Amino acid sequence: VFVSITDYCQSRLLGFPAEHLRLYRTKYDASAREAFELARQRNSLEGLAQIRDRMLATSYGGQALKTLGYSALDKGHYLEALEYFERVWNTCPAMRTESADLVASMALCRKMLGQGNQSGGLVGHWKLDEGTGNKAADSSAFSNHGTFSDPQTWIPGKVGGALHFTQLPEYKSNCVNVPAATPMHVGVGGADFSVAFWLNWESGAYPNTVFTKRGRTASDMLLLEVTSGNQVRYTIATESPTWETGVAKRAIPAKTWVHVGLVKVGGEVKLFLDGKLELRETLKAPAVPNRGGVTFGHSMQGALDDVRLYS
């Protein structure tokens with residue numbers, strides 16, 4: 001898996017003490033400002049992306065992220081836009097007050113994604129930034145931490161660190177396991193829910209099970225996997241006699257970071273790839289409550305980063 005070491009280092013710089021970050025910006029802000037102004041003049045998303053990847057820790061990294069978010073929003077790529085806006089919120093605290101429209105933009109994205117009326121919000125956020133050990137910490141308010149027994153490889157990811165999985169035979173498990181907990185119950189009372197993560201899929205025999213939320217009953221089933229045709233497929237338990245499934249038409253590239261998002265809103269399921277709506281299907285029957293635990297990386301060859309569950 002190839003990941004830009006520059007992007008990784010920039011993300012780490014943002015976690016430095018304030019005085020160290022100010023010193024860094026004193027040295028590099030001038031060149032970042034020049035690059036940012038040039039990208040705006042040319043309306044160059046590629047130029048803004050370079051600032052995001054190479055100059056994120058400067059005073060213009062957040063501006064580049066926000067501009068990329070607005071561009072995605074204009075195209076109707078709400079999930080991609082939300083990821084940009086949330087990254088601005090999390091990495092550039094000063095912009096929370098400087099950009100009054102940031103909150104409104106995030107609210108619009110969440111509304112369009114069916115997250116606007118959810119009472120629980122983010123109930124699991126596994127950043128996978130640990131870099132060592134066998135724990136995947138949950139940075140949501142609920143501390144739904146995950147663990148894995150077999151050694152995996154911590155690598156630089158799309159956002160900070162990531163966890164690389166090696167595919168094992170079906171009867172063996174090397175996935176991250178998150179025990180069932182009340183805050184992670186989804187679909188209760190017909191409530192909407194979402195799953196999102198960065199996936200760097202490599203290869204391997206089918207199935208490549210990426211994300212699963214399942215428990216002791218057939219009702220506890222929510223699954224995202226990669227098919228033999230390199231397509232993302234979802235499976236969800238409803239009141240229908242059989243589980244309902246859907247497959248994205250576009251195949252995902254191997255050894256490339258792809259953002260995957262599944263949104264259940266009302267009686268519909270939407271599947272997003274890199275923020276673009278790839279599949280929209282109406283369920284045959286209402287989704288049933290899912291009170292199971294979460295696993296990710298089971299029977300998978302590749303890497304995962306920034307796994308999120310909204311309820």
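Computed from a predicted model, the values in this text were never measured in an experiment.
- When hydrophobic clusters are built by joining Ile, Leu, Val, Met, Phe, Trp and Tyr residues whose side-chain heavy atoms come closer than 4.5 Å, directly or via intermediates, Leu271 is grouped together with Phe197.
- Looking at Ser311, its side chain never comes within 3.5 Å of a backbone N or O of Met184 through a donor-acceptor pair.
- Looking only at side-chain heavy atoms (C-beta outward), Val195 and Tyr234 stay at 4.5 Å or farther from each other.
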Requested in this report: Show your working on side chain to side chain contact (heavy atoms under 4.5 Å, CB included) between Val176 and Phe165 and close with a plain yes or no.
Outcome: CA-CA 10 Å; Val176 174; Phe165 299 86; 4.0 Å; yes
Query - Residue pair Glu80, His259: steps toward the side chain to side chain contact (heavy atoms under 4.5 Å, CB included) verdict - result: CA-CA 8 Å; Glu80 179 185 5; His259 192 267; over 6 Å; no
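- Placement of Leu73 and Phe272 within a single hydrophobic cluster is found when ILVMFWY residues are connected by side-chain heavy-atom separations under 4.5 Å, directly or transitively.
- The shortest side-chain heavy-atom distance between Val226 and Val210 falls under the 4.5 Å cut-off.
- Atom CG of Asn208 and atom NE2 of His298 lie 10.5 Å apart (nearest 0.5 Å).
- Residues Pro253 and Val258 approach most closely at CD-CG2, 3.9 Å, considering heavy atoms.
- By the 6.0 Å contact criterion, CD on Glu37 is enclosed, its count of non-hydrogen atoms from other residues, nucleotides or ligands being greater than 12.
- Annotation: the span from Trp154 atom CH2 to Glu130 atom CD amounts to 4.0 Å, rounded to 0.5 Å.
- Atom CE of Met55 is separated from atom CD of Gln50 by 8.0 Å, given to the nearest 0.5 angstrom.
- A donor-acceptor pair is defined here as one N or O able to donate and one able to accept, closer than 3.5 Å; such a pair exists between the side chain of Thr256 and the backbone of Ala254.
- Two residues are said to be in side-chain contact when any heavy atoms from C-beta on lie closer than 4.5 Å; Lys213 and Asp220 fail this criterion.
- With rounding to the nearest 0.5 angstrom, the CG atom of Leu163 is 8.0 Å from the OG1 atom of Thr153.
- Taking CG of Leu48 as the reference point, atom OH of Tyr70 lies at 13.5 Å (rounded to 0.5 Å).
- In terms of heavy-atom proximity, Ile51 sits nearest to Ala32 at CD1-O, 4.4 Å.
- Taking all atoms of both residues into account, the shortest heavy-atom contact from Ala251 to Gly229 is CB-O, 3.6 Å.
- Side chain of Asp129 to backbone of Gly161: a donor-acceptor contact under 3.5 angstrom is found.
- Nearest heavy-atom pair across Arg250 and Gln231 is O-CG, 4.2 Å.
- Between the Asn290 side chain and the Val186 main chain, no donor and acceptor come within less than 3.5 Å of each other.
- With rounding to the nearest 0.5 Å, the separation of OG1 in Thr245 from CD1 in Ile236 is 11.0 Å.
- Taking 4.5 Å as the limit, some side-chain heavy atom of Phe296 sits within range of a side-chain heavy atom of Trp126.
- Checking side-chain atoms of Asn144 against main-chain N and O of Val123 turns up a donor-acceptor pair under 3.5 Å.
- Phe16 and Tyr24 fall within the same hydrophobic cluster, defined by Ile, Leu, Val, Met, Phe, Trp and Tyr side-chain heavy atoms under 4.5 Å apart, directly or through other members.
- The backbone N or O of Phe148 sits less than 3.5 Å from a side-chain atom of Asn134, completing a donor-acceptor pair.
- Counting only N and O atoms by type, the side chains of Ser140 and His125 include no donor and acceptor under 3.5 Å apart.
- Two residues are said to be in side-chain contact when any heavy atoms from C-beta on lie closer than 4.5 Å; Met300 and Leu199 meet this criterion.
- Val178 and Phe142 fall within a single hydrophobic cluster, where Ile, Leu, Val, Met, Phe, Trp and Tyr side chains are chained together by heavy-atom contacts under 4.5 Å.
- Closest heavy-atom contact between Ala64 and Phe36: N-CE1, 3.8 Å.
- Counting heavy atoms from C-beta on, the side chains of Val294 and Val307 never come closer than 4.5 Å.
- Note on Val188 and Phe193: separate hydrophobic clusters, where clusters join Ile, Leu, Val, Met, Phe, Trp and Tyr whose side-chain heavy atoms are under 4.5 Å apart, directly or indirectly.
- Between Glu83 and Lys158, no side-chain nitrogen of the basic residue sits less than 4.0 Å from a carboxylate oxygen of the acidic one, so the salt-bridge criterion is not met.
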Requested in this report: Go through the steps for Val260 and Leu273 under the test side chain to side chain contact (heavy atoms under 4.5 Å, CB included), then give the verdict.
Outcome: CA-CA 5 Å; Val260 179; Leu273 297 179; 4.0 Å; yes
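- Smallest separation of non-hydrogen atoms from Ser240 and Ala285: N-CB, 3.4 Å.
- Between the side chain of Arg291 and the main chain of Thr182, no donor-acceptor pair closer than 3.5 Å is present.
- Inter-residue side-chain proximity for Thr238 and Lys284 is flagged as unmet; no heavy-atom pair is nearer than 4.5 Å.
- Contact of the Leu56 side chain with the Leu65 side chain is registered, since non-hydrogen atoms from C-beta on lie closer than 4.5 Å.
- Around the CD atom of Glu19, the shell of radius 6.0 Å holds more than 12 heavy atoms that belong to other residues, nucleotides or ligands.
- Other residues, nucleotides and ligands contribute at most 12 non-hydrogen atoms within 6.0 Å of the CZ atom of Arg214.
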Report task. Would you please test Asp274 and Trp198 for side chain to side chain contact (heavy atoms under 4.5 Å, CB included) and show each step? Result -> CA-CA 9 Å; Asp274 285 332; Trp198 285 99; 4.0 Å; yes
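- Salt bridge annotation for Lys264-Asp192: present, with a cationic side-chain nitrogen under 4.0 angstrom from a carboxylate oxygen.
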